[in-house]
Structures are given as C-alpha cells and as structure tokens.
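First the structure, in the form of structure tokens, and then the observations on it.
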Amino acid sequence: MEEKQETADRLDHYGEDELDIEYVDGKPKKRVEDLLLNMGPQHPSTHGVLRIVLEMEGEVIVKATPYLGYLHRGVEKLAENSTYTQIIPLTDRLDYTSSMTNNYAFVRAVEKLLQVEIPERAEYIRTIVAEMQRLAGHLFWLGTQALDIGAMTVFFYTFREREILLDLFELICGARLTMSYFRVGGVDRDLSQEVVDRLYQFLKTFPEKVDEYNTLLETNRIWVGRTRDIAMISAEDAVNFGLTGPALRGSGVNYDVRKAEPYGAYDKVEWEVPLGKNGDTYDRYWIRVEEMRQSAKIIKQCLDQLPEGLIAVDLPNLTYPPRDKVETDMESLIHHFMIATEGFDVPEGEVYCGTEGPKGELGFYIVSQGGNKPYRLRIRPPSFIHMGAFEHMALGYMIADIVTIFGTYDIVMGECDR
Amino acid sequence: MNKLFHSAFFTEILKALRMVFGHYFVKEVTLQYPHEKNTLPDTHRGALCLLRYESGEERCVGCDLCNAACPSYCITVVSAVEENDHVVRRFATSFDIDMTKCVFCGFCVEACPVNALGMTKMYEYSTSNKRDLVFDKAKLYEIGEKWHGQAKGYLIAHNQEGEDETVSEYRYRFPSSRKQEEEQKEEVEAQVDG
C-alpha cells in the first residue's frame, strides 16, 4: 500500500495524476503505445525544411508522413505575372544545387512552344554547362549523403572538385549558384578560351578524383552496411510512383530523357546509361558515381566537337539586337526597347517538356493564351514526386536509416515546395 | 577465402587511410577568407553602380528599361526633361536600387541602351541598418567612380561595350563567325563586281 502511495505521489509531482493507471499487485501496469516522433523542419540533415512525422514501434518505422510546404514561395504564381525572360531567375531558385539544368528545362519548354531552332554552337554550350551542373549536383549529393551517414572525409573531397566547377560557372556567366545563364533562343555569353582550357584541365584529373571517393566508400564496410538493402524499391513500384532519374535507374529501369527524347547535343556524342539491379541506396550511389564518369565523357566530346557560330538565334523579336546597332540604327533601338519592356510574344497553346536534371525529370507545363506572360506555369519537380514514394520506401526500416532514405533520392526542398 | 582475408585485416580501411594520409603532402585548397580572398573574374555579378561618360556627364537617360527588365522589381527611376538653349536632355532625378531585393541576374545591365549601369566585384557591404541597403543615385555614382575599372571590365566581358571605340561586337555573335560572314559578303560583292 505504501508503495502505491509513493508511485501516486511521484505521478502527482509530474502532473500526471489524471491518467487512468491500472495497478497490478500494487505496481502500475505496463502500457504499450506507438511513439510519435517529429523529425524536422529544423533538423540539420533534412536538406532544407522538411518535416516528417514518424510513428515508431520501438526502433522500427510503421508510418511516415511527410509534411511539405515550409519553403513554398509561390514560384508558379509569380511566373504568371512575369515575362518569360523574368521567369529564368525564378527557376534558378527551384533546385538551387543545379540552376543550369532548371534554366535549361524552362527555356526548352518555351522554345518548344515558339518552335524556334537553336544554333548548333548554343546547343553544344548548353549541353556542356548542363553536364557540368550534373557533375556539381552529384558531387554535392555524394558529399552530403556520406556526411549524413557519417563519412566526413568524402564531403571535403567532393566539395574541392565542386568548387572548381563553381569557379568555372562564375567565369562563364558571373554567378556561382544562381546562374540565369540561359536565354530563350540561346545563351547569354560565349565560352571563352580560358573556360575551355580550364575545363580540359579539370577533366584530365577528374576520373582520378572519382576513384578517390570510391576508395573511401565503395568497399567500406560501414558504408556498405548503411546503404545496402536500405530504401529498396522494385522496378514496378518505382515506375508506378513516377520516380525518375537515378532513383528509377537504380531499380534497373532504362529510362533517361537524354536517351529517350534526345535534345541538345546528346545524340551526337557517345555515352551510356548506367543501370542498377537491386534498387537500394548502394545501387543509386553507384549509378551517380558512374553518371559522373559519363558526364565527364560527354563534356570532353562536346568540347572536342564544339562548332563555331552564333550563340543565340538571330530573331529581332526574340533576342536583343546587336549592341553596336542599338546606338546607330533606329529599328534596332526600337526592338531593344520592345524586348526590354514587353518581352516577346508566345503563340497560344499548351506544352509539356521534360528535361533530365541531376535529380530526375524536371518538367515544365506551360499554358499560353498568347502574349508575353504564361497563363499558367506548372512545374513537375522530381523531388516532389519522389516524396510520394517516401513512405513506401521507409516502412520497416530503423530510425537511424531515415536520413539515408530521404537522402537517397537527392531531395532539395526548394524544388519540392516551389 | 579472399573475402575472409579482406574482412579480417580491414584492407579497405587501410587502403582508404593510405589515400587520406597522402593528402598531407598535397597543397591545401582552403582559403582563410577574411585574410585571403579569391580573385574574381571580370564577369562576376556583384553590386550595381551607375557610370558617367569621360566628360563627367551622367550616362543615364532615365528611360526606365532597367525597371521594366528587373525580375524582382527593385529599381525605381524618376526621370525629367530639361531644355537648355534648344538642347533637350533627359535624365533621372532619382534612381534607387533596393539591394535587399536585388537577385544579381544582370538583366538591367543587359537592358540599358546607353550602358549606364554596370556591375562591380563589390560584395562586402553588409550593414546593421537595413535602410543603408537602398542605394540612391548619389551612392550608385559613388560606387561607379570607386570601381569604374571593374564596371567597365564587366561591360566588356559581357559584350555590352567594345574595348575601344572601333571595336563593336554583336552581343550574341561569336566574333570569328562575324569575320566569316564579312568575308563571305566580300566574296559575294567581289563576284557581283566581277
């Protein structure tokens, strides 16, 4: 009896005296309940502001619900009030680790609607910068994923190479992260000889650096233990959930927008699509590493083949007129004013255009009712679609694996919440 | 057997350790920021500035194109017309750029018909008062005078302005292609003449 009183006092002390507690032999009966765990939105390894509510049974996840929208900035709505050129800086901020491919995806959709043909040199330059961005994106993924799992050294090594690429981007267009390099009808600036030389130099040593990361990870027993058979998804499920990019190819489905509907200069160079077998995190890691090697190959071939010519189409109602003519020619000055103030008119119609980004297929769906602004712009971000498969991939794994699981498809919340 | 050997003697970890220790003898890549600074290329898109002609006259004609091209609506221009001895001059009475909104896309510089705007390599202007970040006309000209070389370098690097008066390049044209075109034109003309 004394013991019971003691327990009651203790509970009273914690303010839990209202709980109905059953007593068995004077001791409180053991209760079993699921643990509800809030992860994020301020967790350091949620890659931004992602909140997940986990229901745990011991250490095992029985339910995982992602809550999205913490980084919602209304890009789609903003785009409705901006001219097509003004949307380009908005797309930079979708997936901020790969703004070049975001620009590329948007610009391609508008060009598909306009039905303009891009000069060959511009296509090659676009392919080169998009692949450089893929390298930077995959290096970023590899570094942060390894850091999340606990391998810190890889992070330093991958960021060393990423830094070289970002410096090159700065040399090409003037910014390291938010490039705004693409224009509808071409690109902003030409590649200078310095960029080409430095890129060749980078590509010469890059395969060795990839081997370096592999030395640290490929056979490391901790890395293999933490990634093998984690976040498994079968090929059928991956297709049904609409996964794209390395997440889909990890399950062995051969789908790459660059091969399926070639754009840019991808059909003019030789490269392969790496495929996985098991559909686990280790396969996805392997695919990304292999893709880096393929990207390096694509850039090298593009640089070798780089043709001379224009870097933007010569259409007076689409691109700015020659700079020297603006000062001397009346018509050019008028065109310059028209493009700067009103942009260009896009014919009526609807278009969807998907582009292969580092994370998967980034699609832009544009509804145009004529005029210089889109009526509706819908973005299909790969991260958002992948988030739908999150629960399916997370069920049955341990709490310690949760960071691996949402890291495995390279999530960026800027793109996911838009 | 081989697998057992590898797992018993931690060969992969030894291999990785050897590689990592090898990095002790490689030149370090880290820059100690406030003491060491990265050299920025001419193309760098930094703080905006306003420029003057060599005679000291303001370049800006208050045409408002920068305002129209800006994707974040951070530029406000108020323009006026002044007539002096039948010479009409347009100029901006006030020119404000809200640097807290600016996204450094460079569209305003691209749109300016008289190359009055330029971008500098200035990036260290943090302040404790947010109002200081709204650059007015005086401040923009002050920056333009201080970093005149950088702004000029930016305009040349982005094909906005020729390196001297005689050189003028198509903005979206590779210089050599223009040469080719001119040669072709000359050939055609020569044929017509012939």
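When reading the values below, keep in mind they use all heavy atoms of this one structure, side chains included, and skip hydrogens, waters and symmetry mates. Letters A, B, ... are given to chains in the order of the sequence lines, protein chains preceding strands, and every chain is numbered from 1. Because the structure is a prediction, the values reported are computed rather than measured.
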Under a 4.5 Å heavy-atom cutoff, which of B/G106, B/C112, B/C108 has the most pairs with chain A? B/C112

For chain A, which residues from residues 20-36 of chain B lie under 4.5 Å away (heavy-atom distances)? B/V20, B/H23, B/V29

Report which part of A/Y157 has an atom under 4.5 Å of a heavy atom belonging to chain B: side chain, backbone, both, or neither. side chain

Do A/R93 and A/R73 have side chains that get closer than 4.5 Å, going by heavy atoms? yes

Evaluate whether atom CE of A/M338 has more than 12 neighbouring non-hydrogen atoms of other residues, nucleotides or ligands under 6.0 angstrom away. no

When you compare the side chain of A/Y285 with that of A/Q145, does any pair of heavy atoms fall below 4.5 Å? no

Report, in residue-number order, which members of residues 168-178 of chain A are under 4.5 Å from chain B by heavy-atom distance. A/E170, A/L171, A/C173, A/G174, A/A175, A/T178

Please examine the side chains of A/I118 and A/R126, heavy atoms only from C-beta on, and report whether any two atoms are closer than 4.5 Å. yes

Just checking heavy atoms, which of residues 118-148 of chain B are less than 4.5 Å from chain A? none

Is the Lys NZ or Arg CZ of A/R121 less than 6.0 Å from the centre of A/Y124's six-membered ring, within 45° of the axis? no

Under 30°, 30 to 60°, or over 60°: which ring-plane class applies to A/F344 and A/Y84, parallel, tilted or perpendicular? parallel

side-chain hydrogen bond (donor to acceptor under 3.5 Å, both in side chains) between B/D96 and B/T76, worked out: CA-CA 5 Å; B/D96 297 311; B/T76 322; 5.3 Å; no

Between A/L333, A/T215, A/D167, which residue shows the highest count of heavy-atom pairs closer than 4.5 Å to chain B? A/T215

Just to verify, what does B/V77 make a side chain to side chain contact (heavy atoms under 4.5 Å, CB included) with, not counting sequence neighbours? B/D64, B/C66, B/I75, B/A92, B/F95

Under a 4.5 Å cut-off applied to non-hydrogen side-chain atoms, are A/Y213 and A/V289 in contact? no

Measure distances from A/D92 to the heavy atoms of chain B and classify the residue's part below 4.5 Å as side chain, backbone, both or neither. neither

Contact origin within B/Y73 toward chain A - heavy atom pairs under 4.5 Å: side chain

Need one label for A/T85: side chain, backbone, both or neither, based on atoms under 4.5 Å from any heavy atom in chain B. both

Test: B/K15 and B/E12 ion pair at under 4.0 Å: no

What part of B/N38 is in contact with chain A, defined as an atom under 4.5 angstrom from a non-hydrogen atom: side chain, backbone, both or neither? side chain

For a quick test of reading the model, state the closest non-hydrogen atom pair linking A/I339 to A/N317 and the distance between them. CD1-C, 4.3 Å

Is A/T227 close to A/L217 at the side-chain level, that is, under 4.5 Å between some pair of heavy atoms? no

Between A/Y104 and A/E123, the two heavy atoms sitting closest are OH-OE1, 3.8 Å

So which residue, B/A111, B/C105, B/C63, ends up with the most heavy-atom pairs under 4.5 Å with chain A? B/A111

Any side-chain heavy atom of B/L51 within less than 4.5 Å of one from B/L155? yes

Correct closest heavy-atom pair for A/S99 and A/Q133 would be N-OE1, 3.5 Å

For A/R221, which atoms come within 4.5 Å of any heavy atom of chain B: side chain, backbone, both, or neither? both

Would you say that more than 12 heavy atoms from the other residues, nucleotides or ligands in this model lie under 6.0 Å from the CD of A/Q201, or not? no

Report yes if the distance between the aromatic ring centroids of B/Y154 and B/H44 is under 6.0 Å, otherwise no. no

Other residues, nucleotides and ligands only: do more than 12 of their heavy atoms fall within 6.0 Å of CD1 on A/I334? yes

Top residue by heavy-atom pair count (under 4.5 Å) with chain B, among A/P89, A/G186, A/G343? A/P89

